Amino acid sequence: MRSNFTFAENVYDVVRLIPFGRVSTYGAIASYLGAKKSARLVGYAMNNSHQIIPVVPAHRVVNRNGLLTGKHFFGAENEMQRRLELEGIEVKNDCIQQFKKVFWDPTIECAL
DNA sequence: GAGGTGACTGCGA
DNA sequence: CTCGCAGCCACCT
């Protein structure tokens with residue numbers, strides 16, 4: 001495949017497709033890209049998302065448990081949680097409340 | 001060129 | 001139920 005485009009590039013594109021007030025998981029994104037077993041790559045890709053333009057709403061991407069695993073990479077520990085709350089997403093103890101309700105799966109919402 | 005790491009996930013004990 | 005381990009693939013040293 002094109003080594004020029006990394007797996008991360010695809011991840012950024014999918015993350016930007018996440019609608020306002022919704023969140024997704026690494027596994028869901030990886031699965032949408034055809035690499036459901038490579039959820040780690042999604043997380044690793046997000047690590048570089050801070051320098052990607054346009055801005056990647058990485059705060060909408062959490063782990064399978066709805067836990068804000070990457071909040072530590074936002075500079076401020078509460079930055080990720082704050083952004084989610086601004087979108088109407090209830091977050092407590094770094095965990096997304098009603099996660100199933102705000103969960104957005106690209107393999108379903110953006111299928112085909 | 002080879003080894004190690006990681007914002008994960010699923011399964012086994 | 002909770003804890004631990006292996007798999008997976010790109011990027012970094």
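No hydrogens, no waters, no symmetry mates; every other heavy atom, side chains included, goes into these values. Proteins come first, then strands; the chains are lettered A, B, ... in the order of their sequence lines, and each starts at number 1. Small disclaimer: the values here were computed from a predicted structure and weren't measured.
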Under 3.5 Å, is there a donor-acceptor pair between the side chain of [X] and the main chain of [Y]?
X: A:N65; Y: A:L67; value: no
X: A:N63; Y: A:G66; value: yes
X: A:T25; Y: A:A28; value: yes

Base contacts versus sugar-phosphate-only contacts with protein, heavy atoms under 4.0 Å: please encode nucleotides 8-13 of chain C as B, S and - from 5' to 3'. BBBSS-
Whole angstrom is fine here: how far is it from [atom1] in [X] over to [atom2] in [N]?
X: A:K71; N: B:dA7; atom1: NZ; atom2: C1'; value: 12 Å
X: A:L84; N: B:dA7; atom1: CG; atom2: P; value: 18 Å
X: A:I52; N: B:dA7; atom1: CD1; atom2: P; value: 17 Å
X: A:I96; N: B:dA7; atom1: CD1; atom2: P; value: 17 Å
X: A:I29; N: B:dG6; atom1: CD1; atom2: C1'; value: 16 Å
X: A:K36; N: B:dC11; atom1: NZ; atom2: P; value: 10 Å
X: A:D94; N: B:dA7; atom1: CG; atom2: P; value: 15 Å

Spatial distance of atom CH2 (A:W104) from atom CD1 (A:I29) [nearest 0.5 Å]: 8.0 Å
Sugar-phosphate only, base, or nothing, as touched by [X] at under 4.0 Å among non-hydrogen atoms:
X: A:N63; answer: sugar-phosphate
X: A:A58; answer: base
X: A:H50; answer: base

For A:H59, run the side-chain hydrogen bond (donor to acceptor under 3.5 Å, both in side chains) check against A:R82, A:K71, A:E87 and tell me which one passes. A:E87
Output the rest of the hydrophobic cluster of A:V102: all Ile, Leu, Val, Met, Phe, Trp and Tyr residues reachable through side-chain heavy-atom contacts under 4.5 Å, sorted by chain and number. A:V23, A:V62, A:L68, A:F74, A:M80, A:L84, A:I89, A:V91, A:I96, A:F99, A:F103
